[in-house]
Number of protein chains: 2
Amino acid sequence: MADEERLELCECECIHDDVVCAVNEKLQPAREYENLAALLKLFADATRVKLLHALEQHELCVCDLAVLLGVTKSAVSHQLKLLRMSNLVKSRREGQIVYYSLADDHVRQIIDMGFEHLWE
Amino acid sequence: MADEERLELCECECIHDDVVCAVNEKLQPAREYENLAALLKLFADATRVKLLHALEQHELCVCDLAVLLGVTKSAVSHQLKLLRMSNLVKSRREGQIVYYSLADDHVRQIIDMGFEHLWE
DNA sequence: TGAATAGTTGAGCAGTTGTTCAACTATTGA
DNA sequence: TCAATAGTTGAACAACTGCTCAACTATTCA
């Protein structure tokens, strides 16, 4: 690490200079934590995580999801837009109906990991 | 599933009755999604997830964390209280200094899973 | 005992989030 | 071509969140 950066970090009333600087070297750039938080934020809402868990079981259209979640189609559509833009779900249109499904397996893994923590 | 519940779910202008009801049987009770969302919400903030990632590397006191995260001790203390109450971190006091560390390995697993998704 | 320092807490504020409502587009089928 | 239905979108609003500030407690040490 550059000396200037070390100073910038540790010249305050810092208690464990050595440990702080060692840990700091192992951390990721700020941007990575923003991206990670933005990703995990998509799971941080009961409606949205239930929606994702439902899509884990079967592909579903907006109406189906609205019924399952007990909210309006509009609310579902807003959430799906978020999830689609974040590449967590994908969609295919068949006539008037748009079917949504999970884009990859990470969704399942993160939800499973969460439940595992809660249930142990 | 009880007939009444099925009706309650599907008597609306629901498009795929059968699929919706099958999926509904696989879903968890509402409370589970609230708990899961509450858990994952703790990772859904850049400061907090960086804090957890730092604790993954080494136990740290409040001052150390404040320096690493670039926020006040007060802000760190507020976040640590949240994380402590949720059993994600634990603390030990040594004189004036309180050292924080991760309470179990799920934190690491969830963060790693998130980074894996971002980096693939 | 009293000054210094680590940490905690509550109030208050700015910024964000999830929802509904109403208006819109897209597609189907008579 | 027009009505019906699936879905999308933007505005608006209430609820929530994360931060700082100021005041507090806890511990050490001279």
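Note on naming: letters A, B, ... go to the chains in the order of the sequence lines (proteins, then strands), and numbering restarts at 1 for each one.
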* Classify every nucleotide of nucleotides 23-30 of chain D by which part a protein heavy atom approaches to under 4.0 Å, writing B for the base, S for the sugar-phosphate alone and - for neither, in 5'-to-3' order. => ----BS--

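Residues of residues 75-85 of chain A that place a heavy atom closer than 4.0 Å to DNA chain D, in numerical order, are A:S77, A:H78, A:K81, A:R84. For residues 36-61 of chain A, proximity to DNA chain C is found at A:K41, A:D45, A:T47, A:R48, defined as any non-hydrogen atom under 4.0 angstrom from a strand atom.
Checked by atom type and distance alone, the side chain of A:Y99 never pairs as donor or acceptor with a backbone atom of A:R93 at under 3.5 Å. Judged by distance alone, with hydrogens and angles left aside, the side-chain atoms of A:S86 form a donor-acceptor pair with the main-chain N or O of A:L82 at under 3.5 Å.
A:V98 and A:S91 make their closest contact through CG1-CB, 3.7 Å (heavy atoms, listed as atom of the first residue, atom of the second, distance).
Ring orientation note: the planes of A:H106 and B:H117 are nearly perpendicular, at an angle over 60° on the 30°/60° scale.
For A:F43 and A:H53, the distance between ring centers is not under 6.0 angstrom. Residues A:Y100 and A:H58 place their aromatic rings such that the two centres sit no closer than 6.0 Å.
Here the C1' atom of nucleotide D:dG7 and the CZ atom of A:R92 are 15 Å apart, to the nearest Å. Taking atom NE2 of residue B:H16 and atom P of nucleotide D:dT5, one finds them 16 Å apart after rounding to whole Å. Taking atom OH of residue B:Y33 and atom P of nucleotide C:dG18, one finds them 18 Å apart after rounding to whole Å. B:I97 places its CD1 atom 9 Å from the C1' atom of C:dT5, with the value rounded to the nearest Å. Note: CG (A:L65) to P (D:dG7) measures 9 Å, nearest angstrom. One interatomic measurement links the two molecules: CG of B:L69 to P of C:dG7, which rounds to 13 Å at whole-angstrom precision.
Counting any heavy atom pair closer than 4.0 Å across all strands shown, B:Y100 reaches sugar-phosphate atoms only and no base atom.
Contact check on B:R92 versus B:E59 returns a salt bridge, with a Lys/Arg side-chain nitrogen under 4.0 Å from an Asp/Glu carboxylate oxygen.
For the side-chain contact (heavy atoms from CB on, under 4.5 Å) test with B:V107, the passing option among B:L42, B:V49, B:L52 is B:L52; the others fail. Applying side-chain contact (heavy atoms from CB on, under 4.5 Å) to A:D112 and the options A:Q109, A:E116, A:R108 leaves one that passes, A:R108.
Minimum atom distance to the side chain of B:S74 is reached by D:dT20, of the listed D:dT8, D:dA6, D:dT20. Side chain of B:V62, nearest nucleotide from C:dT8, C:dA6, D:dG7: C:dT8.
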